[in-house]
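Comments concern the structure below.
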Amino acid sequence: MLDADARERVIVALDCGRDEALDLASALAGHARWLKVGMTLYYAEGPSIVREFKELGFDVFLDLKFHDIPHQVRGAARSAALAGADLLSVHGSGAGAMLAACREGADEAAEVRGERPRLVAITVLTSMDAASLAQIGIGCPVAEQVDRLARLAADNGIDGVVCSPQEAERMRGLLGPDALVVTPGVRPAGAELGDQSRVATPAQAIAAGASHIVVGRPITGAPDPVAAYEAIVAELVERA
Ligand code: C5P
């Protein structure tokens, strides 16, 4: 894989407070292309943190996992897109009308901003298993529910899914070559697992069909985050 292609595919998750996030972003500027802002940072700092990262030159995955009535999700997608987010997440379990509303909100923002953020659906959270699905009244196997929600998302204008590396190959087959398949749970060989259990290395995740990998603590918790990021890029250049 080419160096620029590898940089396009690695999304660095900044799950920390503002000062640490800005220090990391400044260090990674000129190296990393993508940052992920999740609920921890966004609910503390709001849309200004997205704008600050955009000013440093990053593309931003704003991972707020929308799930509400369609009217609210349309507005959320529009607002997040106008804040500058390049990629947004939404729960597939919100069903077709909500997914379509998410796309409409992103399209509305595109009329103002000139470009539409891409959208990825969460299918079944990887923290859930068959027993937790049964708790909420879903009796089918996890894989069947993942497939159902991935198809529903694609049918309603969503560009792809977030899934574990173990699901990437099936999602790629189901959604086709152009879909976004974004996989967290990625650990370079020898890295601490943290609370992730089913993990793959960066090259394994890409080989399985991931378009993008999300890597947090192996980079943000490293003694030298830039070196840790560059090692992942080097792995992809050599092996993917
Ligand atoms: O630090 P780590 O590499 O585990 O970070 C992974 C990121 O991906 C975190 O921001 C986490 O919220 C997110 N994520 C995940 N597992 C999922 C979906 C998202 O770890 N199934």
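Keep in mind it's a predicted model, so treat the numbers as computed, not measured. When a ligand or atom number is given, it counts from 1 through the structure's own listing order. Along the sequence shown, residues carry numbers from 1.
Interface of G216 with ligand 1, defined as ligand atoms under 4.0 Å from a residue heavy atom, comprises 1 (O), 2 (P), 3 (O), 5 (O). Ligand 1 places these atoms under 4.0 Å from at least one heavy atom of R217: 1 (O), 2 (P), 3 (O), 4 (O). Taking every non-hydrogen atom of V214 and a distance limit under 4.0 Å, the qualifying atoms of ligand 1 come out as 7 (C), 8 (O). Each of the atoms 1 (O), 2 (P), 3 (O), 4 (O) of ligand 1 lies under 4.0 Å from some heavy atom of R187. Close approach of ligand 1 to D15 (heavy-atom distance below 4.0 Å) involves ligand atoms 9 (C), 10 (O).
Counting only heavy atoms of the protein, atom 19 (C) of ligand 1 lies nearest to P184 CG, 3.5 Å. Ranking the protein heavy atoms by distance from atom 21 (N) of ligand 1 puts T126 OG1, 2.5 Å first. Residue, atom and distance of the protein heavy atom nearest to atom 12 (O) of ligand 1 are K36 NZ, 4.0 Å. For atom 20 (O) of ligand 1, the closest heavy atom belonging to the protein is Q196 NE2, 2.7 Å.
A 6.0 Å sphere centred on CD of E169 holds no more than 12 heavy atoms belonging to other residues, nucleotides or ligands. Crowding of I136 atom CD1: a count of heavy atoms from other residues, nucleotides or ligands under 6.0 Å exceeding 12.
Note that NE2 of H91 is 11.5 Å distant from CG of D68, once rounded to the nearest 0.5 Å.
Heavy atoms of P218 approach ligand 1 to within less than 4.0 angstrom. Heavy atoms of L125 come nearer than 4.0 angstrom to ligand 1 in no pair at all.
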Check the pair R51 / E55 against salt bridge (charged side-chain N to carboxylate O under 4.0 Å, His left out), numbers first and verdict last.
CA-CA 6 Å; R51 295 196 188 100; E55 279 162 20; over 6 Å; no
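Between T220 and A13 the shortest heavy-atom distance is CG2-O, 3.4 Å.
If you look at I122 next to ligand 1, there are no close heavy atoms at all, none under 4.0 Å.
For the residue pair S26/D23, the side-chain donor-acceptor check at 3.5 Å is not satisfied.
Connection of V214 to V233 is not established within any shared hydrophobic cluster, with ILVMFWY side chains joined at heavy-atom distances below 4.5 Å, either directly or through further cluster members.
Screening V161, V182, V162 for a side-chain contact (heavy atoms from CB on, under 4.5 Å) involving I122 leaves a single residue, V162.
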